[in-house]
Amino acid sequence: MKIVHLETGRHRYGGPQQVLQLMNRLAELGHDNTLLGATDSEVLAHARLAGHRIEALATIGDADVSLIPRLARRFSRLAPDIVHVHSRRGADLYGGPAARLVGLPTLLTRRVDNPVSALGARWRFRPYRRIVAVSDAVRAALDAAQVAPERIVVIRDAIDVAPLVLSPEHDWFSQTFGVPKGVPLIGAIAQFIPRKGHRYLLDVLPTVIERLPSARLLLFGRGPLEAELRALAHERGLSEHVVFGGFRRDMDRVLPCLDLVVHPATAEGMGVALLEAAAAAVPVVAFAAGGIKEVVVDGETGVLVPVGDTAALGAAITALLADKRRTEAFGVAARRRIEQAFSVADHAARHEALYTAVMAEERADNEPG
């Protein structure tokens, strides 16, 4: 089948990574994929390198109502069997209406568990035959917005364990990030935005250092709060213990060197970085928010603590770092669970089946009589 994917995210964060991974696997299954994205998107460049057709589209996001006619013209020219809308930033608002204008079946992937009013949901989601929720937490938010249950399909994110080689390169890591070898290493992998909770991590770090004075925290990512977080680390005298590692394209090489990944997000649809950590056999300590609870099994693959409970967060971090045998056991269990429950083959197969069902419904509704 011929599929057009609409992804207006500009950076290769978790959501766009899932789109690229899905396209790659669908192509292996013999399907034709085109990625339509923002003009200045690095996601398009990665899709081109993977051999997919791409189309660039100028957009300013939700305020850009002109996207509807412009997308409709693109969809009409590309003539796909189905349109799959993956992101926000104007895509979910205007991609569905544009596809319906030219008579194309369309579905939407919803990645966030943000509350939506019933009125807002009717307006935003009406054009889509199905809404793919990436977790039960996202589904619950859609249920609360009174989206019809039969229109919601849960297909959890997936991760390919193959590229994640488990042998850590400690010399390389030490030289690259300027940290001593053999010290406890904590990683946090997230955009620097408020809901990712970096401030909570900086709040508890002094407690961790008091117990484990050589510990280092490495923050991987970028975003609008970076300068503020750097200043906060400096003000609290944590500069020696906090490394800003930037946005890395080689996390498959970084992750095996970490002892622990901490994710104090207060809201999360799923958390692709947590899947990557688990695939690298690295246990996770996190707030029990949203879809995080579907990735981290408390007491088996990591530790979950109540959202905002910094005392419990600090205690969980120090306890795991002090117990290497338990940390390693959690890591082994985490990788095994990824292999069993978050496979890319199953992820693609479920999308393939969904596309077929949506297209069949569209044909049935358009049959005369």
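For Arg216, the CZ atom sits in a packed shell: over 12 heavy atoms of surrounding residues, nucleotides or ligands are nearer than 6.0 Å. Environment of NZ in Lys2: crowded, with over 12 heavy atoms of neighbouring residues, nucleotides or ligands closer than 6.0 Å. Shown here is Glu169, whose CD atom has more than 12 heavy atoms of other residues, nucleotides or ligands within 6.0 Å. More than 12 heavy atoms of other residues, nucleotides or ligands sit less than 6.0 Å from atom CZ of Arg77. Shown here is Arg126, whose CZ atom has no more than 12 heavy atoms of other residues, nucleotides or ligands within 6.0 Å. For Trp123, the CH2 atom sits in a loose shell: 12 or fewer heavy atoms of surrounding residues, nucleotides or ligands are nearer than 6.0 Å.
Salt bridge Arg336/Glu339: absent, no basic N to carboxylate O contact under 4.0 Å. Salt-bridge check for Glu268 with Lys293: failed, with every basic side-chain N at 4.0 Å or more from each acidic carboxylate O.
Considering all non-hydrogen atoms of both residues, Ala158 and His347 come closest at CB-CB, 3.6 Å. Among all heavy-atom pairs drawn from Leu320 and Thr327, the shortest one is O-OG1, 2.6 Å. Residues Thr59 and Arg10 share a closest heavy-atom pair of O-NH2, 3.0 Å. The two residues Asp203 and Pro206 have their closest heavy-atom pair at O-CD, 3.4 Å. The minimum heavy-atom distance linking Pro283 with Phe330 is given by the pair CB-CB, 3.6 Å. Closest non-hydrogen pair, Ala279 versus Ile159, comes out as CB-CG2, 4.0 Å.
The backbone N or O of Pro149 lies less than 3.5 Å from a partner atom in the side chain of Arg139, making a donor-acceptor pair. When atom types are taken as modelled, the side chain of His241 and the backbone of Ala215 share a donor-acceptor pair closer than 3.5 angstrom. Remark: the backbone N or O of Val138 is not paired with any side-chain donor or acceptor of Arg111 at under 3.5 angstrom. Counting only distance, with no hydrogens or angles, the side chain of Arg48 and the backbone of His52 share no donor-acceptor pair below 3.5 Å. Between the side chain of Arg350 and the backbone N or O of Arg156 there is no donor-acceptor pair closer than 3.5 Å. At least one donor-acceptor pair under 3.5 Å links the side chain of Thr39 to the backbone N or O of Ala58. Although no hydrogens or angles enter the test, the distance criterion places a donor-acceptor pair under 3.5 Å between the side chain of Arg151 and the main chain of Phe125. In this structure, Thr106 contributes its side chain and Val83 its backbone to a donor-acceptor pair below 3.5 Å. Thr310 places no side-chain N or O within donor-acceptor distance of the main-chain N or O of Val204, the cut-off being under 3.5 Å. Side-chain atoms of His84 do not come within 3.5 Å of backbone N or O of His5 as any donor-acceptor pair.
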For this session: Kindly indicate, with the supporting measurements, whether the criterion side chain to side chain contact (heavy atoms under 4.5 Å, CB included) is fulfilled by Leu142 and Val116.
Result: CA-CA 7 Å; Leu142 294 171; Val116 187; 5.6 Å; no
For this session: Test side chain to side chain contact (heavy atoms under 4.5 Å, CB included) on Phe173 and Leu218 and set out the steps.
Result: CA-CA 11 Å; Phe173 191 93; Leu218 293 101; 3.7 Å; yes
Problem set entry | Stepwise side chain to side chain contact (heavy atoms under 4.5 Å, CB included) test for Thr356 and Met1 | CA-CA 9 Å; Thr356 300; Met1 72 186 75; 3.7 Å; yes
Problem set entry | Residue pair Phe177, Leu185: steps toward the side chain to side chain contact (heavy atoms under 4.5 Å, CB included) verdict | CA-CA 11 Å; Phe177 298 106; Leu185 297 173; over 6 Å; no
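The side chain to side chain contact (heavy atoms under 4.5 Å, CB included) test with His263 singles out one residue from Leu201, Leu304, Ile189, Leu274, and that residue is Leu274. Exactly one residue among Glu7, Arg25, His46 makes a side chain to side chain contact (heavy atoms under 4.5 Å, CB included) with Leu20. That residue is His46.
Clustering ILVMFWY residues whenever any of their side-chain heavy atoms sit less than 4.5 angstrom apart, transitively, puts Val19 in a cluster other than the one holding Phe342. Both Leu205 and Ile317 belong to a single network of hydrophobic side chains, linked directly or stepwise wherever heavy atoms of I, L, V, M, F, W or Y lie under 4.5 Å apart. Under the 4.5 Å side-chain heavy-atom criterion for ILVMFWY residues, a single connected hydrophobic cluster contains both Leu219 and Leu212. Linking Ile, Leu, Val, Met, Phe, Trp and Tyr residues whenever their side-chain heavy atoms come within less than 4.5 Å leaves Val134 and Val112 in two separate clusters. Ile155 and Val344 fall into different hydrophobic clusters, where Ile, Leu, Val, Met, Phe, Trp and Tyr are joined by side-chain heavy atoms under 4.5 Å apart, directly or via other members.
One distance of note links OH of Tyr355 with CG of Asp81; it measures 11.5 Å at 0.5 Å rounding. Between the CD atom in Glu361 and the CZ atom in Arg129 there is a gap of 5.5 Å [rounded to 0.5 Å]. Between atom CG of residue Leu232 and atom CG of residue Leu225 there is a gap of 10.5 Å, rounded to the nearest 0.5 Å. Rounding to the nearest 0.5 Å gives a distance of 5.5 Å between CD of Glu42 and CZ of Phe247. For the atom pair OG1 (Thr109) and CG (Leu6), the distance works out to 11.0 Å, reported to the nearest 0.5 Å. In this structure, CG on Leu229 lies 7.5 Å from CZ on Arg199, to the nearest 0.5 angstrom.
Residues His86 and Val43 fail the side-chain proximity criterion, which asks for heavy atoms closer than 4.5 Å. Inter-residue side-chain proximity for Phe75 and Leu36 is flagged as met; some heavy-atom pair is nearer than 4.5 Å. Between Val284 and Thr301, the closest side-chain pair of non-hydrogen atoms is not below 4.5 Å. Using a 4.5 Å heavy-atom cutoff, the side chains of Thr34 and Pro80 are not in contact. Between Leu238 and Ile209 there is a side-chain heavy-atom pair separated by less than 4.5 Å. Taking 4.5 Å as the limit, some side-chain heavy atom of Leu67 sits within range of a side-chain heavy atom of Leu57. Counting heavy atoms from C-beta outward, Val4 and Arg74 have side chains that stay 4.5 Å or more apart. Two residues are said to be in side-chain contact when any heavy atoms from C-beta on lie closer than 4.5 Å; Leu217 and Leu202 meet this criterion.
By the 6.0 Å and 45° rule, Arg248 does not stack over the aromatic ring of Phe220. Both tests pass for Arg230 against the ring of Phe244: distance under 6.0 Å to the centre and angle within 45° of the axis.
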